[in-house]
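Data block below; observations after.
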Amino acid sequence: MPDQLMASKISYILSIESSCDDTSCAVLKNDQVLSNVIAGQKVHQQYGGVVPELASRAHQSNIVPVVHTALAQANIDKKQLTAIAFTRGPGLMGSLLVGSSFAKSLSLALDIPLIEVHHMQAHILAHFIDEGQEKPEFPFLALTISGGHTQIVKVTDHHEMEVIGTTMDDAVGEAFDKTGKMLGLDYPAGPIIDSLARKGNPHAFSFPIPKAPNLDYSFSGFKTSVLYFIQKQVKENLDFIKENLEDICASVQYTIIEILFQKLEKAVNKTGIKSVAIGGGVSANSGIRERLLSKKEKGWKVFIPPFQYTTDNAAMIGISGYYKFLQKDFAGLEVTATARISM
Ligand code: KG4
Ligand code: ZN
């Protein structure tokens with residue numbers, strides 16, 4: 001890369017996220033977001049979940065306009081860019097291929113460095129996007145909760161992260177989305193359950209807390225118990241869901257929060273680390289945010305990401321790219337997208 005770019009203190013990084021069903025592009029000036037454009041994909045709603053083939057096709061048609069819009073909103077010409085960052089994985093292979101191929105081509109065409117980013121690390125590093133807020137100090141624990149992951153991560157540096165607890169089966173986002181499907185709600189159901197739950201009684205119905213070893217999670221048994229409960233109630237009263245929707249949502253959400261926080265508390269006690277951040281799409285949940293905030297009374301320092309950086313977005317890929325850029329941690333053009341990668 002041109003030495004004068006490295007020598008200058010200002011970097012303009014263009015980042016691309018395409019791991020699942022959102023096509024996103026951001027431009028960052030160092031650790032500040034100049035633009036963060038996200039094209040969602042409504043096509044999956046009718047199927048109650050993401051259809052991988054349709055997701056890749058939609059990324060194909062979205063990516064060029066999304067990148068153009070991100071550059072225009074940032075008021076940056078592509079010749080000013082210092083590096084290109086992209087999500088290498090984990091995620092859906094066909095989706096990742098679109099973003100990674102585009103990023104590689106752009107880096108080649110502009111002759112600027114390419115930076116590969118781990119999607120789940122990016123959900124954590126979103127806390128370092130500079131919006132004038134207090135940022136977590138190392139070490140801290142991160143609860144990363146999304147449609148594909150549920151992890152407790154010990155973060156010792158921008159680049160050093162260790163997963164100390166993870167789900168043995170389904171992710172928490174799936175528990176929200178599958179419950180929503182049983183209730184006849186649209187996909188993704190997480191935000192809908194969140195808003196219905198606010199009007200319901202969290203103690204109206206009770207569901208069992210699954211048993212999982214150490215700091216690990218399990219959500220598949222929980223999902224089945226919600227399914228059996230709904231089937232049994234509907235058999236007795238065909239209108240059960242309609243008459244109790246808010247209470248069901250509140251009770252399901254309450255149990256999910258209990259499951260998440262029992263292990264998170266265990267992790268805090270085990271590691272002695274009382275600084276806790278949340279990240280990932282499910283961290284947008286208002287009940288989870290409230291529960292985390294209540295832990296301040298127990299002496300925890302808590303960090304909640306700005307709402308727009310919780311669900312998938314390219315700004316979090318950009319901030320991760322920035323910290324790798326500072327270390328000159330660049331990828332070769334032979335780098336390939338990877339559906340599964342460890343942290
Ligand atoms: O991080 P994300 O955008 O994509 C993945 O990497 O998976 O997370 C998407 C997940 C979905 O399961 C969605 O239902 C859930 O995040 N979600 C929520 C809320 N907003 C999004 N779950 C509960 N409450 C919310 N407010
Ligand atoms: Zn995500």
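Whatever order the structure lists them in is the order used to number ligands and atoms, beginning at 1.
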Quiz item: Once the angle between the rings of Phe261 and Trp300 is folded into 0 to 90°, is it parallel (under 30°), tilted (30 to 60°) or perpendicular (over 60°)?
Solution: parallel

Quiz prompt | Distance-only donor-acceptor check, side chains Glu17 and Ser19, under 3.5 Å | solution = yes

Quiz item: So which heavy atom in the protein is nearest atom 22 (N) of ligand 1, and how far is it from that ligand atom?
Solution: Gly190 CA, 3.4 Å

Exercise. Can you figure out which of Gly281, Ser286, Gly148 has its heavy atom closest to atom 17 (N) of ligand 1?
Key: Gly281

Practice problem: Kindly identify the option in Gly147, Pro191, Ala197 whose heavy atom sits closest to atom 9 (C) of ligand 1. | Solution: Gly147

Quiz item: To which protein heavy atom is atom 24 (N) of ligand 1 closest, and what is the distance rounded to 0.1 Å?
Solution: Asn285 ND2, 3.0 Å

Quiz item: Using 30° and 60° as the class limits, which term best fits the ring planes of Phe140 and Phe128: parallel, tilted or perpendicular?
Solution: tilted

Self-check item: Donor-acceptor pair between Asp194 and Ser286 side chains, under 3.5 angstrom
Solution: yes

Quiz item: Where does Asp312 meet ligand 1, judged by heavy-atom distances below 4.0 Å: at the side chain, the backbone, both, or neither?
Solution: both

Quiz item: Do Gln253 and Asn285 get their side chains close enough for a donor-acceptor pair, meaning under 3.5 Å?
Solution: yes

Quiz item: What atoms of ligand 1 come closer than 4.0 angstrom to any heavy atom of Pro188?
Solution: 13 (C), 14 (O)

Exercise. Would you tell me whether His59 and Ser18 have side-chain atoms, one donor and one acceptor, within less than 3.5 Å of each other?
Key: no

Quiz prompt | For Thr311, atoms of ligand 1 separated by under 4.0 Å from a heavy atom | solution = 3 (O), 21 (C)

Quiz prompt | Protein contact of atom 26 (N) of ligand 1 - nearest heavy atom, named by residue and atom, plus distance | solution = Asp194 OD2, 2.9 Å

Quiz item: Under 4.0 angstrom from ligand 1, any heavy atom of Gln253?
Solution: no

Exercise. Ignoring hydrogens and angles, state whether a donor on the side chain of Asn237 or Glu243 is under 3.5 Å from an acceptor on the partner side chain.
Key: yes

Quiz item: So, His119 and Asp312: side-chain donor and acceptor under 3.5 Å apart, yes or no?
Solution: yes

Practice problem: Give the residue and atom name of whichever protein heavy atom lies nearest to atom 15 (C) of ligand 1, and the separation in Å to one decimal. | Solution: Val282 CG2, 3.8 Å

Quiz item: Taking just the N, O or S atoms of Asp312, which one is nearest to the Zn ion (ligand 2)?
Solution: OD1

Quiz item: Can you find a side-chain donor-acceptor pair between Asp170 and Ser220 that sits under 3.5 Å?
Solution: no

Self-check item: Centroid-centroid under 6.0 Å between Tyr309 and His127 rings
Solution: no

Quiz item: If hydrogens are left out, which of Ile38, Thr144, Leu92, Asp177 has an atom nearest to atom 11 (C) of ligand 1, that is, the closest non-hydrogen atom?
Solution: Asp177

Quiz prompt | Where the Zn ion (ligand 2) is the vertex, angle from His119 NE2 to His123 NE2 to 10° | solution = 90°

Quiz item: Heavy atom under 4.0 Å from ligand 1: found in His119's side chain, backbone, both, or neither?
Solution: side chain

Quiz item: Quick one: which ligand 1 atoms are inside 4.0 Å of a heavy atom on Gly173?
Solution: 12 (O)

